[in-house]
Amino acid sequence: MNTGKKIKLIRTFRGLTQKELGDLAGIHEVAIRKYELGKNLPKPEQLRKIADALNVNVNTLAEFDIQTDGDILPLLFAIDEAFPATIKDVDGTPGIFFENTSLVQFLKDWQAMKELLQSGSQTQDNYEIWKTIRPSVTKVTHDKD
């Protein structure tokens, strides 16, 4: 999902108009409209203002261009720096394991949502909303040195 679609999804979920979001973010509603339509991509400082106005982490609105394994490795390394991970084989299948109990609980919740989607008990639209909104209500933190 691109940044504009994420902004629109969260904005409508929060019950805001484009004008209201623009007012909260200090950005003209025409700019919000263009972002949502994918005509323009917000600059980093504008994206942060929009994220703050929507009460989400700025990374929630970010786009990641992942096409190869090399594209995902920097993300995995960043995750490992914040939440140390262990890679183990379980029954011959490699897995990534975390000690942070809050993160582990989030991963379990995510798996449960994926299972509901696969079983047909959850719609794709609701799953997309959950993926977009959930990080703003999950405050998993890591210990800083």
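Below, each value reflects all heavy atoms present in this structure, side chains not excepted, and no hydrogens, waters or symmetry copies.
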Quiz item: cation-pi between K108 and W110, 6.0 Å / 45°
no
Please round to the nearest 0.5 Å and tell me the distance separating atom [atom1] of [X] and atom [atom2] of [Y].
{"X": "F106", "Y": "T101", "atom1": "CZ", "atom2": "OG1", "answer": "14.5 Å"}
{"X": "K34", "Y": "H28", "atom1": "NZ", "atom2": "NE2", "answer": "10.5 Å"}
{"X": "I87", "Y": "L76", "atom1": "CD1", "atom2": "CG", "answer": "8.0 Å"}
{"X": "L41", "Y": "N2", "atom1": "CG", "atom2": "CG", "answer": "8.5 Å"}
{"X": "K114", "Y": "S119", "atom1": "NZ", "atom2": "OG", "answer": "13.5 Å"}

Flag if over 12 foreign heavy atoms under 6.0 Å of CZ, R48:
no
For the backbone of [Y] and the side chain of [X], can you confirm whether one donor and one acceptor N or O come within less than 3.5 Å of each other?
{"X": "E36", "Y": "R33", "value": "no"}
{"X": "D80", "Y": "A85", "value": "yes"}
{"X": "K88", "Y": "F97", "value": "no"}
{"X": "Q46", "Y": "K43", "value": "yes"}
{"X": "R11", "Y": "L21", "value": "no"}
{"X": "T12", "Y": "K8", "value": "yes"}
{"X": "D89", "Y": "G92", "value": "no"}

Please list all pairs passing the salt bridge (charged side-chain N to carboxylate O under 4.0 Å, His left out) test where one or both residues lie in residues 53-77, with sequence neighbours left out.
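Listed once each, the pairs would be none.
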For the residue pair [X] and [Y], what are the closest heavy atoms and their distance?
{"X": "V104", "Y": "F98", "answer": "CG2-O, 3.2 Å"}
{"X": "T3", "Y": "L61", "answer": "OG1-O, 2.7 Å"}
{"X": "M113", "Y": "W130", "answer": "CG-CE2, 3.6 Å"}
{"X": "I27", "Y": "Y35", "answer": "CG2-CE1, 4.4 Å"}
{"X": "I7", "Y": "P42", "answer": "CD1-CG, 4.3 Å"}

Quick one: does [X]'s side chain get under 4.5 Å of [Y]'s, heavy atoms only?
{"X": "V56", "Y": "I50", "value": "no"}
{"X": "I10", "Y": "T60", "value": "yes"}
{"X": "L54", "Y": "L16", "value": "yes"}

Does the pair [X]/[Y] count as a salt bridge with the N-to-O cut at 4.0 Å?
{"X": "E45", "Y": "K49", "result": "no"}
{"X": "K131", "Y": "E128", "result": "yes"}
{"X": "D23", "Y": "K19", "result": "yes"}

How would you list, by chain and number, every residue that makes a side-chain contact (heavy atoms from CB on, under 4.5 Å) with I129, sequence neighbours excluded?
L9, F13, N126, I133
